[in-house]
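Each ligand, and each atom within it, is numbered from 1 in the order the structure gives.
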Amino acid sequence: MEGSNFLRCLFFIFSAVLLLIFTVYNLPNHLSNKPELLECTTNSPWCISKNRILGKKPNFLHKPTTSLRHDHTADVPHHPLDPLTIQEINKVQKVIKSLYKDTVYSVHSLVLEEPDKEVVLKWKKGDDLPPRKASVIARAAGKSYVFTVDIETDEVVQQDTSHISGYPLITLEDMKTAIWAPFSHSDFNRSITSRGVDPKDAACLPFSTGWFGKEEDGRRIVKLECFTTQGTANFYMRPIEGIIVVVDLDTNEVLEIVDKGKHIPIPKAAGTDYRLSAENSAIIKLPNPISMEQPNGPNFVIEDEHLVKWANWEFHLKPDPRAGVMISQARIRDSETGKMRNVMYKGFSSELFVPYMDPDEAWYFKTYMDAGEYGFGLQSLALDPLNDCPRNAEYMDAIFAAADGTPYVRSNMICVFERYSGDAAWRHTESPITGSEIREARPKISLVARMVASLANYDYVVDWEFHADGLIHVKVSLTGIVIVKGTSYKNMNQVNGEEELYGTLLSENIIGVVHDHYINFYLDMDIDGLDNSFVNVHLQREYTNGKSPRKSYMKVNKEVAKTEKEAQIKLSLYNPSEFHVINPNKKTKVGNPVGYKIVPAGTAASLLDPEDPPQKRSAFTNNQIWVTQYNKSEQWSGGLFAYQSHGEDTLQVWSDRDRPIENKDIVLWYTLGLSSRPVSRGLPYNAHSVVRLRPQTGEFL
Ligand SMILES: *[C@@H]1O[C@H](CO)[C@@H](O)[C@H](O)[C@H]1NC(C)=O
Ligand SMILES: *[C@@H]1O[C@H](CO)[C@@H](O)[C@H](O)[C@H]1NC(C)=O
Ligand SMILES: [Cu+2]
């Protein structure tokens, strides 16, 4: 592959696929019929695929080789990057308990402390594993602690994090407790009763508060917003607008009950249920079933639980409670030498930012950082075989730690499968005028590692897709349900033209509020070695000045970024560039440096003021591309403690140090964005009536 057929510039493509649906009113009538439930009595592939969408669980013809719910109690690590096992987490829990003795503590993160990069790179299969260590974030007596536990020796090394503002992510246990806090207050019961809601039907959800100044300092707080579940499974469509209950997460004390929505009716339940089974759901005829067959079995293997090998690719894959999925040591086989070549040391989604654009009391704080505040992985629930992933998928379980440090299994958190969409990877038919009869087409098959995080109403599908030509395609699709705001308006003819709705009136008493979604990816590219450079391949108009019948042409100017600030990139259509990560020390046979090209797609720019607190905290959205010097402790672009952070430990701050990045171990960051003006009432974004915005795909240089 090195030479005329070298790794040239391989590609990294980012896309964001936003699934939007038309309102039910746009659907033809015949599509609104309830689907017939099909009975299947045999195990034929056809019958099984019929069941695929309807949710019936067939018997597997080929049992997935990674067993769906195998017992993990005896698991042992095989690779330096393998996640902590149940036994290891149990050992660490003992250490934590003895550390805190009788003090009440909570564990907010308990994961493998990865060995240093050079240790991992030196390790070969068959070698002893480097010492296994756990990285723990815990809270006790109102303080946050970050420490490392040596699992062999029980030795604890504590880090000083007193200079960092904010708190570790909210645990599932924090949330489970907080959502009941309002009900012990008669004021709360009275407020919602006066709005016509029986407290028995009310459900409250915990929303992170962000940070806006003194009010959020010194206490770990959450804001609850409540809904009525009466008459629908889709309670998101029935907000009790304007009521916000502020709860202290450490004491579970209700600090404040805001009630600003007395005049706002609760939207109706009718027609809101989105389930296929719902009597009144405005559904969408299901398409005839489709299934992909692999009669000779899959083309990939997952060795030792985490090492994925497919076509010419090999990478380590693991679940992570904060990032969701982590891809490590992605390597590709050189087609000429047969040797494995390094591409990316590590890739994962580092942080999300979802700011809503409504400054009202009950909405202004909605500026979520879903990875650092909630845990993108913690919120990734079990994938449903055949519905979430195709029949040829294998599944990987996650082992996470609960708030008391006890390990638990999140089964089927990741699926891995080969994707074939019927497209050609490459084709050519020779023109008959040449007298040749060449017709050739090769199928486009890729390997996908998928997870789905369900952050309350939203579901994020994250696919890491590997192609045999070296391309890595990271795709984020948004689905689920929109979160809406209650309003007294039933029709736009009631709205005075001057008035700001901060969104779209989607149906009676429901506004879909304008908002953005951003996901920032950490991409530690190590192309053929640690030392790489970032090149801005600037495209410019040049004039021929009469030397040609052509007046102008496009010229390519390559600028190697010397320091971090030179690699703070804002995309611009009329001042275009391509962006390459190259290894300047490694040339192809014809003398070009080997490298990868990052092909931005899914682009949106934040329009918030840079000094607005949410923007400061999520300053990774100030640029679409960043490059920093590798630093093991700079991984979370919104800061280690994102919850109520002030924004002093962010990618912007690190990058502003302006360290040298030329021919160094560097990390590339990409911020993918989607601006959203909801166009549909709270029905689920749904794959049966979608507008797919598929951004550009790349081409070989
Ligand atoms: C509020 O209502 C809930 C649900 O009916 C009930 O369990 C709770 O005791 C009530 N709280 C108070 C303080 O009355
Ligand atoms: C590595 O990152 C940490 C956290 O941002 C910082 O304190 C330290 O100075 C960094 N080291 C270098 C060499 O930049
Ligand atoms: Cu959205």
Side-chain angles (χ1 to χ4, degrees), residues 16-21 116 146 159-164 179-194 197-204 226 228-230 236 245 254 257 350 352-358 366-368 370 454-461 476-485 503-504 506 511-519 563-564 602 604 628-641 645 647-661 664-667 672-680 682-685 693:
V17 177
L18 177 59
L19 308 178
L20 300 173
I21 74 159
D116 287 342
V146 176
Q159 269 180 52
D160 180 12
T161 54
S162 52
H163 59 288
I164 309 179
I179 59 173
W180 294 107
F183 295 97
S184 52
H185 283 253
S186 47
D187 283 356
F188 174 76
N189 279 12
R190 224 175 295 122
S191 283
I192 60 169
T193 308
S194 74
V197 176
D198 184 334
K200 284 195 192 66
D201 291 332
C204 301
C226 308
T228 171
T229 59
Q230 193 265 325
Y236 296 106
V245 184
V254 170
I257 300 175
S350 174
L352 288 86
F353 182 39
V354 188
Y356 284 78
M357 301 297 168
D358 183 334
K366 295 182 178 175
T367 54
Y368 310 116
D370 287 324
S454 300
L455 287 131
N457 57 313
Y458 262 107
D459 296 63
Y460 293 86
V461 185
V476 180
S477 312
L478 269 59
T479 173
I481 301 164
V482 263
I483 195 120
V484 298
K485 183 183 184 185
T504 311
L506 298 176
I511 290 173
V513 176
V514 177
H515 61 278
D516 287 339
H517 296 258
Y518 299 95
I519 302 194
T563 62
E564 289 173 322
T628 56
Q629 209 182 70
Y630 175 81
N631 179 331
K632 199 181 168 198
S633 55
E634 293 176 349
Q635 294 205 75
W636 308 109
S637 51
L640 178 66
F641 296 157
S645 65
E648 80 285 59
D649 177 32
T650 65
L651 178 53
Q652 178 79 57
V653 173
W654 310 331
S655 164
D656 283 345
R657 291 188 188 137
D658 211 19
R659 293 163 290 194
I661 51 170
K664 292 253 183 292
D665 190 357
I666 54 177
V667 177
L672 180 151
L674 304 153
S675 282
S676 176
R677 193 179 65 87
V679 293
S680 121
L683 287 163
Y685 291 143
L693 306 175

Item to complete: Give a yes or no on whether the backbone of Q230 and the side-chain of T228 come within a donor-acceptor separation of less than 3.5 Å.
Response: yes
Worksheet, complete the sentence: Under 4.0 Å from one or more heavy atoms of S184, ligand 1 contributes atoms 13 (C)
Practice prompt. Mind checking side chain to side chain contact (heavy atoms under 4.5 Å, CB included) for C204 and listing every partner two or more places apart, or none if nothing turns up?
Written response: P182, F183, F188, L224, C226
Worksheet entry | Subset of ligand 2 atoms that lie under 4.0 Å from at least one heavy atom of W654 | 5 (O)
Practice prompt. Report yes or no: does T193 contribute a side-chain atom to a donor-acceptor pair with the main-chain N or O of N189 at less than 3.5 Å?
Written response: yes
Fill in: E634 and R657 ion-paired at < 4.0 Å
yes
Discussion item. Show me which atoms of ligand 2 lie under 4.0 Å from any heavy atom of S633.
Written reply: 1 (C), 2 (O), 3 (C), 4 (C)
Worksheet item: Less than 4.0 Å between atom 2 (O) of ligand 1 and some protein heavy atom, yes or no?
Response: yes
Fill in: Contact (N/O only, under 3.5 Å) between N631 and ligand 2
yes
Fill in: Sub-4.0 Å heavy-atom approach of R657 to ligand 2
yes
Worksheet item: Of the listed options (E634, H163, K632, Q635), which comes nearest to atom 5 (O) of ligand 2 when hydrogens are ignored and any heavy atom counts?
Response: E634
Worksheet entry | Pair W654, D649: side-chain N/O donor-acceptor within cut-off below 3.5 Å | yes
Fill in: Enumerated ligand 1 atoms positioned under 4.0 Å from heavy atoms of S186
13 (C)
Item to complete: Report the distance from atom CD1 of I481 to atom CG of D459, rounding to the nearest 0.5 Å.
Response: 7.5 Å
Discussion item. Any nitrogen or oxygen of P199 lying under 3.5 Å from a nitrogen or oxygen in ligand 1? Just yes or no.
Written reply: no
Response to the item:
atom 8 (C) of ligand 1: closest protein heavy atom, distance to 0.1 Å, is F183 O, 3.5 Å
Discussion item. Quick check on R659 - does any of its heavy atoms sit under 4.0 Å from an atom of ligand 2?
Written reply: yes
Worksheet item: Under 6.0 Å between ring centres, would you say that holds for F353 and H517?
Response: no
Worksheet entry | Close side-chain approach of D116 to K632, heavy-atom, < 4.5 Å | yes
Worksheet item: Is there a nitrogen or oxygen of N189 sitting under 3.5 Å from a nitrogen or oxygen of ligand 1?
Response: yes
